[in-house]
Structure formats: structure tokens, C-alpha cells
K.L.:
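Mind looking over this structure? Questions follow.
Start at 1 and go down the list; that is how both ligands and their atoms are numbered. Since we're looking at a predicted model, the values are computed, not measured.
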Amino acid sequence: MKIAVLKETLAGERRVSATPETVKKFVALGAEVAVEQGAGETASIADADYAAAGASVGARAATLKGAGIVLGVQGPDPAGLKGMADGGWLVAGLNPFGERARVDQYAALGVEALAMEFMPRITRAQSMDILSSQANLSGYKAVLDAAAEYGRAFPMMMTAAGTVSAAKCFVMGVGVAGLQAIATARRLGAQVSATDVRSATKEQIQSLGAKPIFVENVAGIEGEGSGGYATEMSPEYQKAQAELVSGHIARQDIVITTALIPGRPAPRLISDAQVATMRPGSVIVDLAVEQGGNVEGAVAGQVIERHGVKIVGHRNVPSRLAADASALFARNLYNFLSAFWDKEQGRPVLDAEIGDAVRLTRDGKVVNERLLG
Ligand code: NAD
């Protein structure tokens, strides 16, 4: 089995889908690994390091030739996949809802496209979950990005010249990214509060030493929610949440928003009028900006200023920590493929529970229920 590792082509994508560590492990499984020249450069991995781990390093055509599995961080342009084996697997973050037309093109090419963001949220798949591994780093980086834009300090400091007060930080959406944002802001010395629609997060917020701010008069989502995912909330809940946020946000210096609903636009959590109530110099980081944004006025790829408040909308935040993000992403892919490796066949053979969840295309057709349904 030949595994090809492509150099990412999307603007701003600095990550890579395999590291020398995972190359070595694939080779130990009996696979042949080919890495496209320069694939690891932006994640601080030299071609020589891949070669030392046992990969061949070469141009794209040679890398793809006869590959039964192609690895990527993001879905590659279908036109650039010529040469891979018939029915070969494409294993990457394929953004299936956002890039629906491209999924059809993968099908037409005869590629079996496996979307890693469709990994089911079951215990045995945790180590294969790219959404979690990347969201964790995003939550951390969001707080550092906020700190960098903020013209004041995060921790309380008592100095001979007087006291600097601690920043107040509010985290909206307490999934993987939000939990890491809370922990990071706490480590920097901020006073942290947080909110979510799922009641199970209340205890998690408290256990990190932050204050839960929750809608009390309208029921949210009991417990974890299905698969840990939120759904769109009722108009009644949204109204109660808006009132709660209005009362809280004016007293905050830093707001980090991370709220997402799978397959839907991100919920709008902060209006322009609410931004206007914050004191000048405050900073909002919208991690959902590429999914439509939690914050009115946020612009993907830009840091803008509204009413004296900076609204940070960086794209592809995990890529801003490319070395660590790649290391975790690469391990997710290795954990996935190795868990299903069939020694006799010398290739992975998926089971129905995980295979049917991640498989988008097969035998020239789109086969995934979430795309067909
Ligand atoms: P996510 O990225 O889909 O959403 C981020 C957060 O935003 C979620 O906590 C969600 O409840 C929240 N949110 C959505 N709409 C909101 C709104 N209107 N207002 C406020 N908050 C809103 O979620 P995630 O980070 O991927 O994970 C969520 C949960 O799933 C976590 O509890 C996590 O532990 C669990 N999880 C389990 C597994 C597994 O078992 N394999 C893997 C990953 C995540």
C-alpha cells in the first residue's frame, strides 16, 4: 500500500497531514510512504526529516502515482489528483457541507473520499477526531490573539506605581475550543466567565475556576446534547440569551466566541448594539467567523474595529500553530488508519460504524447519508 502526503495548496494553510513520526509508524505497518516536496516546510518540517523517517520525497506526480491512500489536511483540488490508484482513498478534512460540489467531483474521479470531520463522537474514535484536536489549539490561540490586540494586561499586577486590574474574559460556547480558552485565559490571570446552551458544561466551567452564566428561565439542552452537539435554539431561548448577554457583556474586556451547530450557519450571539456597550479597547475574537460568525460585523480574515472594540476574525486558526496542529492532525489520521489495518491485506479495512460515517463517495457515487438526506 502506497500512502501519499500532499503539500497543501489552499492559501494560508500551513499544516501538513503527516509528520516524520507518523511516516515512521506507517512504514512499520508495512506501507510505502511518499511525501510531496516541501509539504512540511510551513510546519517547520524539512524534506530531509521525512526522508530520514523512511519516506520518498518528490514532485506531486511521482508522489501520487499508484497511491492507494492520499492524505491531506484540506480537500485537494480534484483536478490535481490524477495518477492515484483506481478507487484509492482520499483521507482529509473535506468540508463536506461547505464544498458539496467538490464531493461530486471526487465521486466522478472514482475516489473514495473519507471526511475526517464526520468521525463519529464515540469513545474509540476520540483519538481520530480532527475537530477536537484542532479546536483545542484554536481555543488556546484565540486567547493569545485577544491578548495581543488588547492594550491592557490580563493578570492583576500590584506594582510600586499602582495596581493593574485583571481583565474580565467571557467565553461563549464551551465545547473543546471554549474549554481550552477558559483554561488559557485563567492561566494568564483573567477573571473568566462562560456560557453554553448545553447544561452539562456548567460543571466543566466551574471545574476550571470560571463562572457559569446561563439562561435560567428557558430550558436549554439537557446534559451533553446528542453526540455533544448543539442544535438551533428556539426563538424564545434566543431572546432570553440575548437579554442575558446584554446584561453581562458591557462589563467584559475580552469575549471569545466559539459556538457552532454542525451543518448550519453559526448562531448569532452578539449584535452590533451589544458591541457598542463594551468599553473602548475591548477585544472580541470570533472563532466561528468562517461559519458565518457569532458576532455581527466580524469579517473572516480581518481584525476590524467597531465602536472602539476590536473584532478579530482570523481564518484557519489551527494553521496559526502549524507545527503542533500538524502533529496532532497527523496522529489523528494515523490512529484512524492503523486501527483498521488488516495485516494480511496490507491495507486498512473499515467497519460500518466508522466507515459509513466518514465515507462520502464510493464507486463513482456520493454515498453519505448526511449529504444525501
Ligand atoms: P462545537 O464545535 O460543535 O460547538 C462549540 C460549542 O458551542 C458547543 O459546546 C455548543 O454547545 C456551543 N453552542 C452552540 N450553539 C450555541 C449557542 N447558541 N449559544 C451558546 N453556545 C452554543 O462543539 P465541540 O467543541 O466540537 O464539542 C462539543 C462536545 O462534544 C464537548 O462536550 C466535547 O467533549 C464532546 N466531544 C466528544 C467527542 C467524543 O466522544 N469522541 C469528541 C469531540 C467532542
K.L.:
Should the ring pair Phe97 and Phe118 be called parallel, tilted or perpendicular, given that the plane angle runs from 0 to 90° and is split at 30 and 60?
P.N.:
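Answer is tilted, since the angle falls between 30° and 60°.
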K.L.:
Are the side chain of Glu99 and the backbone of Leu94 linked by a donor-acceptor contact shorter than 3.5 Å?
P.N.:
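Checked: no pair found.
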K.L.:
Quick check for students: name every N or O atom pair between ligand 1 and the protein closer than 3.5 Å, with distances.
P.N.:
from, atom 1, to, atom 2, distance (Å)
ligand 1, 9 (O), Gly175, N, 3.1
ligand 1, 9 (O), Asp196, OD2, 2.7
ligand 1, 9 (O), Arg198, NE, 3.4
ligand 1, 9 (O), Arg198, NH2, 2.8
ligand 1, 11 (O), Asp196, OD1, 2.7
ligand 1, 11 (O), Asp196, OD2, 3.4
ligand 1, 11 (O), Arg198, NE, 2.8
ligand 1, 19 (N), Gln241, NE2, 2.8
ligand 1, 25 (O), Val176, N, 2.6
ligand 1, 26 (O), Arg121, NH2, 2.3
ligand 1, 27 (O), Arg121, NH1, 3.3
ligand 1, 30 (O), Arg121, NH1, 3.1
ligand 1, 32 (O), Arg198, NH1, 3.3
ligand 1, 32 (O), Arg198, NH2, 3.4
ligand 1, 32 (O), Glu224, OE1, 3.1
ligand 1, 40 (O), Gln126, NE2, 3.4
ligand 1, 41 (N), Ile122, O, 3.4

K.L.:
Look only at the side chain of Asn294 and the backbone of Arg268, and say whether a donor-acceptor pair between them is shorter than 3.5 Å.
P.N.:
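Checking the backbone N and O of Arg268 against the side chain of Asn294, no donor-acceptor pair under 3.5 Å is found.
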K.L.:
Any salt bridge linking Arg347 with Asp342? Criterion: basic side-chain nitrogen under 4.0 Å from a carboxylate oxygen.
P.N.:
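Salt bridge between Arg347 and Asp342, a charged N being under 4.0 Å from a carboxylate O: no.
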K.L.:
Under 3.5 Å, side chain of Arg264 to main-chain N/O of Leu260, donor-acceptor pair present?
P.N.:
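Absent.
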K.L.:
Is a side-chain N or O of Glu36 found less than 3.5 angstrom from the main chain of Lys7, in a donor-acceptor match?
P.N.:
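Yes; at least one donor-acceptor contact below 3.5 Å.
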